[in-house]
Every structure is written in structure tokens, then in C-alpha cells.
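Have a look at the structure below before the remarks.
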Amino acid sequence: MTLVPVDYGHHGSILPERERDEGIMWPSLCKIHILCLGLAVLALLVLVHNFYQLENLDHDTGLKWLIEDDDQQSSSQTTKIPRKLYCGYEHQVLSKREQREEESLFAAVQWPKPTKNKIPFVRSTDPSHSNFVILNPYTHFRVGDQLEVLVYVKDYEGKPKQYGGDYLQTRIHSAHLKAGAIGRVVDYQNGSYRVFFTLLWPGEITVSVSLVHPSEGIQVLQRLREERPDRVYFKSLFKSGRVSETTVCNVCLPGDMPVCNFTDLYTGEPWFCYKPRKLSCATRTSHYKGGYQKGLLTSEESLLFQSDVNIKVPIFSSGPDRVIVRPLGHADLVELNLGSPKNVGPFMSVDIKHNILLKFRCHGPPIRFTTVFTSELHYIANELNRIVGGRNTVIAITIWSHFSTFPVEVYIRRLRNIRRSIVRLLDRSPKTLVIIRTANVQELGPEVSLFNSDWYSYQLDTIMRKMFSGIGVYFVDAWEMSLAHYLPHKLHPEEIIVKNQLDAFLSLVCPPETYYSLLRGIHNQMWSLLL
């Protein structure tokens, strides 16, 4: 370990011959020598003081002085970051086409804002005072018709809201048929919303409307996404022999302490860890979720995130809430136990009879799992680049939830890298089948809302659908399957919802009437991996 040299200047020197010949007085020479000696002693004291501080730094506060590793460490792995919050997306170099795409994506997820910055809680949206009404509820509807619903929101004083921006979730459902579908919401930005449903089956259909977050709460979520992308933090273990250290890691790291730069060399995906005090960056062995930041809201803001008050609370109808619609074999997969941690992988199963190889692994950081060896942190784009592809290759991808706390630019960049790899894969192997699983809704409470709100998921899902449209991939719409279902929302949905998603996935792989027994085997194996 070598200290960075400190330049104290040239405080002492040997007098040139010319000055001695010109008759410099002895007393002046003595004064100069004394001054030089004093400055040299002062410099030595400063160096000793700095070294003492270095040896006695508080381990919890981290290393404040820049320290270089031994000669074995690459100098490119240690980077000095500025004092402000650092995010790799700020340094992206985008082509004009990528800039236009990003502007289009931002426009697609632009959310209406309240007319004023600070609005008291009593003026925020109150679902108990709000209501909806079905237009023409007694009309003779038929399958395929469109049902329209108007939603009127009011505040806690019962006064109509004058602006929009509330996040509503809407669905129609028939409990006895176990059928459901979601609606399309249009925000008139004046406190009223119109919802459009396509009636897909006959019988009695019930309409449900819920307030997920009031518009005032959405503004808080937007602020957190932009200003606190580090509110979920990660850690890594560095180990060499008997010496081990743990430091905080993230896409964004605050402060001016030295960091280890683990940006992926192929995709450019940024990832940083604070540099250990004693060990080199090359000794990183594992990655895991550190935790969640606390105290993110003011007391006034906390009122906007209350269970059973304004988080996923029903809005009831002021009249009828329902209408009547008139009608118009087994494969033997064997799992290979590789001893991998649950959720992390890699996992692999083989069906020798039908010549099927099934593989699974988690995506690279940010990943909110328990400990993952750094050797298993693979980026999706890199994995796709290694696949030959072809008519017998099916690739399923899902990536969204672990990006909910970051600015959308981080997610856009990740999807852009994945999309680029998919396009290259389909160019070299056009018959490869690529299927994207969308986001899904989940249960929400005051704290979960700040990190994994459905509103965050909805925004990321919108971006994902737009970025992957038109390139020859297929979607499994997990969003509608989970939102339209009668079961409670969960981040990891109930078994019947997972089965529906697998059925939709397998229907894209091959026709059930032709390969029914084969699909059953794949279905059962994928089921065990997902659960």
C-alpha cells in the first residue's frame, strides 16, 4: 500500500554559484537556511500527522484518503467520483436515434402533475368520497361491445378535484366464471376519468375501480425516483486470505470516497462499490442486497401512503356496479441439482426422450437476492450474445422489478443493450423464439410503495413494451393476468396465475393439440423453477 505523494513545493535549495560571487551577506544566508530548515520540519510534521490520521480512520466512515493498491491491481478499476450523487446514465453517449427514442419513451410515461407544488393532505384524493358510474348500465350489451365508466374523484372535504394524475386500476370480472379483464383509463386532468372495457364473455360482469395512489403521492414517488436512487442499497464481500471487508455497492453512489469500478466491459452497464480499506478491487467475491433506506418522507408526505386509506383502496359505484352481457400425455424432465441458491440459479433440467435442455439464471446487478457469487452475475445481453439460436431455441426474459428505484434512464439503457443483442440473435438465427414476460401488480403498504409501487412497475412496463415492439418478440401479459384476476395482488402471484402465464408461454412455443404431453412436462418443470 503506497501513499499518494504530496507536493509541498521547493522550500529549500542550494544557492547558485553566481549569487555567492555577487557577494551575498552571511547574515542573509543564515536567515534563508533557518527558514528552509523550519519549513522542512513543518512539512515532516504534516506528513506524520496525515499518516497518523490514515492509520486511525473509523472503519464505519470509510477511507477518506485516496490509497493506491499494489502493482497487481489495474489502475483502471479505482475511480474517484464527484461529491454529488453519481449515476452512470448521466454519462451515456446516445446517437440521435437513441435520443429521439428516449424522448419518445419519456413522453409515453409523462404523468400529469397537480396545479400547485404544496397541497395539504385534506385536499388530496379521498377514495371514500370518490365514486364511479357505469354509462347506460341497462343497455343490452353483447360480447365484443365496449363498456364505458366515468370516475369522479374528490378530496377529504368532499370537494371535487380540479386536476388529474391519480393512479387508478380498473377491471371487469365474473367470479363464477373466474374470468377477468382490465380497462383503459383516460385522464381528463380535471378530476374525472373515463374507463373503457371490452366485454369478452357473456353473463353478469362486475366493474371494480381502485385508487392505487393519489396524484399527490405520485409526485412523491417521482421525487424519490429521481433524487434517491440509492434507497435500495447493495453490498459486496471482498476477501483475501483471512482478511475480509464489506462495502456498499450500487449503480449510483453518493460521496467522494474511492470506488471500485465494475462496469461491464461489453454492455457498458455501470456498477460501483466503495473501495475496501485494505484489499484490492480484484478480491470481490459476492453480491447481496444490503437493505432499504429509512426516513424518506416528511410527516406530511407520510399521510399520502396509508394502508386502507389511500393505497389500493376501492372506489365504489354511485349506482349499479354490474351489467349483463349476452352471448353472440407426460414428458419426463429430470432436474439436475447444481446446488444453486433458490431464485439465483443457475438451474438446469434435461429431457433426454424429447431432446430438451432447460436453463435458468438470474440477471446481473441490481439484483435484490440473497448472496450471489460475483461469478454468477451475468448480464442478459451478454448471455444472448453467446447463444447460437435456431428453430429449436426458445428464450424467455423478464426484467423490471429490481429497477423500480432507479431513474428510468437506467432501465432504458439496460433494455437497449438487451434489445441490441436480441436483434443480433434474430439476424443470425431468425427462427429463434424470444418471449418477454411483462411486469405484474403486487400487494402494497406504506413502505413497499416507496420502493416497489405498482406505479413504478406500470411505468417500466410501458417502456418495456414500447422498446421491444416491432422486433419480432412475443409477450406474455403478466400485468393483465395478475390485475384482472380475483385473487389478491402479490409480487409472486398465486399458483393459478402462474399457471395461466405458463399456459400462455407454452401456447407460443408449440400448439397444445400437437404437443400436449410434451408441454405438460415442460410446464411442470418451469412451475417448480418459478415457485
Side-chain angles (χ1 to χ4, degrees), residues 127 167-175 177-183 185 206 208-213 217-218 221 231-232 289 291-292 305-315 341-345 347 360 362-363 366-370 396-405 411 435-462 464-465 475-506 523-531:
Y167 178 37
L168 305 177
Q169 288 180 347
T170 61
R171 69 186 184 108
I172 52 175
H173 52 98
S174 296
L177 293 177
K178 297 182 179 179
I182 63 174
V185 180
T206 302
S208 294
V209 178
S210 295
L211 174 73
V212 182
H213 295 297
I218 295 294
L221 297 180
R231 60 192 184 279
V232 175
K289 181 180 70 175
Y292 299 88
F305 298 92
Q306 301 182 67
S307 298
D308 302 322
V309 176
N310 49 19
I311 299 178
K312 281 201 174 181
V313 177
I315 293 177
K342 184 180 180 181
N343 297 335
V344 175
F347 298 121
F360 166 85
C362 66
H363 62 70
I367 193 80
R368 300 181 201 159
F369 286 164
T370 54
I397 301 172
T398 180
I399 178 170
W400 55 276
S401 179
H402 295 199
F403 288 81
S404 61
T405 56
Y411 188 61
I435 301 174
I436 309 293
R437 177 192 179 273
T438 71
N440 60 263
V441 294
Q442 66 165 304
E443 68 276 25
L444 292 181
E447 185 174 13
V448 175
S449 297
L450 307 184
F451 304 96
N452 263 46
S453 168
D454 281 356
W455 182 77
Y456 288 135
S457 300
Y458 176 72
Q459 294 247 302
L460 297 184
D461 194 61
T462 301
M464 177 172 62
R465 291 171 191 260
F475 290 91
V476 170
D477 198 339
W479 184 266
E480 179 161 1
M481 290 182 182
S482 57
L483 177 55
H485 208 276
Y486 64 89
L487 287 175
H489 296 173
K490 288 187 177 181
L491 177 59
H492 302 287
E494 295 286 356
E495 293 183 2
I496 185 59
I497 299 177
V498 176
K499 179 184 182 300
N500 291 341
Q501 295 174 15
L502 288 175
D503 288 342
F505 167 79
L506 294 173
H523 181 286
N524 292 339
Q525 186 56 39
M526 293 193 68
W527 179 272
S528 65
L529 293 180
L530 289 172
L531 297 181

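Note that the structure is predicted; figures quoted are calculated from it, not measured.
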Which heavy atom of [X] sits nearest to which heavy atom of [Y], and what is that distance?
| X | Y | result |
| --- | --- | --- |
| Ala484 | Gly180 | CB-C, 3.4 Å |
| Leu444 | Val448 | CD2-CG1, 3.9 Å |
| Leu211 | Pro127 | CD2-CD, 3.7 Å |
| Val498 | Pro493 | CG2-O, 3.7 Å |
| Ser449 | Ile311 | OG-CD1, 3.7 Å |
| Trp400 | Ser457 | CZ3-OG, 3.2 Å |

Has [X] got a side-chain atom pairing as donor or acceptor with [Y]'s backbone, closer than 3.5 angstrom?
| X | Y | value |
| --- | --- | --- |
| Ser453 | Trp455 | yes |
| Thr438 | Ala478 | yes |
| Tyr411 | Ile399 | yes |
| Asp461 | Asn440 | no |
| His402 | Arg368 | yes |
| Gln442 | Asn452 | yes |

Could you check if a side-chain atom of [X] sits within less than 4.5 angstrom of a side-chain atom of [Y], using non-hydrogen atoms only?
| X | Y | value |
| --- | --- | --- |
| Gln306 | Pro446 | no |
| Val441 | Lys312 | yes |
| Thr170 | Val185 | yes |
| Ile496 | Leu487 | yes |
| Ile182 | Trp479 | yes |
| Glu494 | Pro488 | no |
| Pro366 | Val232 | no |
| Leu450 | Leu221 | yes |

Measure the [atom1]-[atom2] distance between [X] and [Y] for me, rounded to the nearest 0.5 Å.
| X | Y | atom1 | atom2 | answer |
| --- | --- | --- | --- | --- |
| Tyr486 | Thr206 | OH | OG1 | 14.5 Å |
| Ile315 | Ser210 | CD1 | OG | 7.5 Å |
| Arg171 | His485 | CZ | NE2 | 9.0 Å |
| Gln169 | Leu483 | CD | CG | 5.0 Å |
| Ile436 | Arg465 | CD1 | CZ | 11.5 Å |
| Asp454 | Tyr167 | CG | OH | 5.5 Å |

If the plane angle is over 60° it's perpendicular, under 30° parallel, otherwise tilted; pick one for Phe451 and Tyr292.
->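 Plane angle over 60°, so perpendicular.
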Charged N to carboxylate O under 4.0 angstrom, Arg437 versus Asp477?
->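 Result for this pair is no, no salt bridge flagged.
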Would you call Glu495 and Lys499 a salt bridge, taking side-chain N to carboxylate O under 4.0 Å as the test?
->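 No, no charged N to carboxylate O under 4.0 Å.
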For His363, which residues count as a side-chain hydrogen bond (donor to acceptor under 3.5 Å, both in side chains) partner, sequence neighbours excluded?
->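 Partners of His363 by the side-chain hydrogen bond (donor to acceptor under 3.5 Å, both in side chains) criterion come out as none, since no residue qualifies.
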Could you walk me through whether Val476 and Ile435 pass side-chain contact (heavy atoms from CB on, under 4.5 Å), step by step?
-> CA-CA 7 Å; Val476 170; Ile435 301 174; 3.7 Å; yes
Are His489 and Ser482 close enough that a side-chain donor and a side-chain acceptor fall under 3.5 Å?
->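 His489 vs Ser482: no donor-acceptor pair found between side chains.
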Over 12 foreign heavy atoms within 6.0 Å of CD, Glu443 |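 Atom CD in Glu443 is packed in, count exceeds 12.
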